[in-house]
Amino acid sequence: MKRQLTIVSYIGIVLITALSLLAFGQTEIRRAEITKEELSKHVFFLASEKLEGRRAGTPEAEKAALYIAREFMEYGLLPAPEWESTSVDPADFFQEFEFTSGIRTGERNRLIVGTEAEEISFTYDTDYKTLPFSSSTSTSGPVIFAGFGISAPQDNYDDYADVDINGSIVLVFEGSPDQNDPHGVLNQYSNNRNKAIAAREAGARALMIITAPEPSDSSKLLTLRIDRSFGSVGIPVVNLNVHSVNRILANCSEIYNKLIEEKQPKSLRLNNINAFIETELHTITSSCNNVIGYLAGNNPNQNDGVIIIGAHYDHLGWGGEGSMVPDETAIHYGADDNASGTAGLLELAQAFAADRELLDRSMLFIAFSAEELGLIGSKYYVDNPIIPLENSVSMINLDMIGRMRNNELNIFGIGTSPVWDSLITSQPSYDTFTIRTNPDGMGPSDHASFYTKDIPVLFFHSGLHENYHRPSDTADRISYDEMERIVRFVYEVISDLNTQDEKPQFVKVETPRPTGTMRGIRVYVGTMPDYVGESGGLKITGVREGSPAALAGIQKDDVIINFGGITIENVYDYTYALGEFSPGDIIDVIIKREGEEKTVKVHLESRRN
Ligand SMILES: [Zn+2]
């Protein structure tokens, strides 16, 4: 009996070994599920006209979510580990969340100014408007004109030095007295939100900002992008055009010109002028869905750990904020960004589901939404995980894997666990790519949300390109052969990870200059850095239209070697350098273009997101 048992066990081991070989030694079997035809089918659907760019919160994004959920269902994934119901509906795979998608003005926006002669009621949108960072309230008080509303004694300029604005409504010009002087130090104080904060700190009840006079157009109101924070500064802030202000402050343009000419603060309490301001803004809330599919593992020793594989499926819809051409209203198809990663996610789910009985660890496939609006979907997931995060073995992210050039595949997060390096280099397909790695687990995609929760991450990315965040990122531009190779390689990595006994250890990656990234960066340049570049400068993979970088003549493929006197070796130096400057600063940037050095002047703007 004993011996027999042993023989049975031996046969069992042989059988298991044979099965394992079939499963993992000869990965061809399951990789056969990953085909360029299916990848292309997914991308062409997700990036189709019908899906209108899948902006989070739109019905078109929901169509994409349903498509993904139906695929998950077909592969036999479950909505959650503890799923008990025998039937599954596509909506069961959804993890719904809400997010702030914009700001709208309410009914009660009023601006009434009483002068000695008359009471003027200004018309909303024609004469003035409420700025997005205004509070919603009402207030009144005497009006004080205070130049540019800049209080910078450190730079020998203070509009509030000779006047007490406590309890009053302050009227200022946008910009600074230096705005015609690219070298002026005062430009750094011209940000409107900062002016409102300064006014509030000095005790003002409200701030009225006059659009800088333009000889040709006195009716102009500011076009301000909503900043991502959606935060109010705590006092009402409105913008008036020159035409309207002339009714309370005669010769407004002349005063402006004089201020610029003399560069001397000039504040004055306007004679018996009082204002009443009422503001009402509302945040717009939208909801959207992460799509989550679960695949159960079999090894009782390992099934406490789940491998998370993710890709965001949302994109920019019809453009606007986040687009490289924000003023162009056109479908941003988002084929590479990130129908490609979503297609890869689906193919991986299908391949692993096909041989689920051989899986050791469990897997969670997540298609994230609202990534483009600030990694909102993945942040929501890590705060509301369906499996406790301590049981998450690692997170593998696919974002833009359809446009590989020169056979170069980027892998980020390699420093977030000691196992990654050997796990990647030991795969059969490793040598077929030129792999470029970056240790950092942070970065502009969903894996960053997991990294900040101390989960090892890997991020696969085939690089930025000229169609990035433009309407021209279309399905016909994707290289499906290359994409299939990438997804098969990712498959190898995950298969191997799946059989590892030990949960990968997490490592927090030290960046060379942590102070640089910890300080808030306030400036906007408009460059798209190559995050995986070698040392010796920072390569620029693209430049946003109309941005400070574009205006300075910086082009794609330029290498920045010095930024405002700071030597740039890599992206960390660049991040640090950005933190050193303020909006309005004019700095010298030395670039290398085709081997030649060139110095350009960049006029830094304030950050838009
Ligand atoms: Zn994107």
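Start at 1 and go down the list; that is how both ligands and their atoms are numbered. As the structure is a prediction and not an experimental result, all values here were calculated from the model.
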If you draw a sphere of radius 2.8 Å around the Zn ion (ligand 1), how many protein N/O/S atoms end up strictly inside it?
4

With sequence neighbours left out, the residues meeting side chain to side chain donor-acceptor pair (under 3.5 Å) with T416 are W420

Ring-ring centroid check Y313 Y67, cutoff 6.0 Å:
no

Taking the six-membered ring for Trp, are F563 and Y574 ring centroids under 6.0 Å apart?
yes

Audit row: T452, M442, side chain to side chain contact (heavy atoms under 4.5 Å, CB included) steps and yes/no:
CA-CA 8 Å; T452 56; M442 290 306 287; 3.8 Å; yes

Give every residue pair that meets the side chain to side chain donor-acceptor pair (under 3.5 Å) criterion with at least one member in residues 53-66, sequence neighbours excluded.
E62-N289

K601: what forms a salt bridge (charged side-chain N to carboxylate O under 4.0 Å, His left out) with it, not counting sequence neighbours?
D588

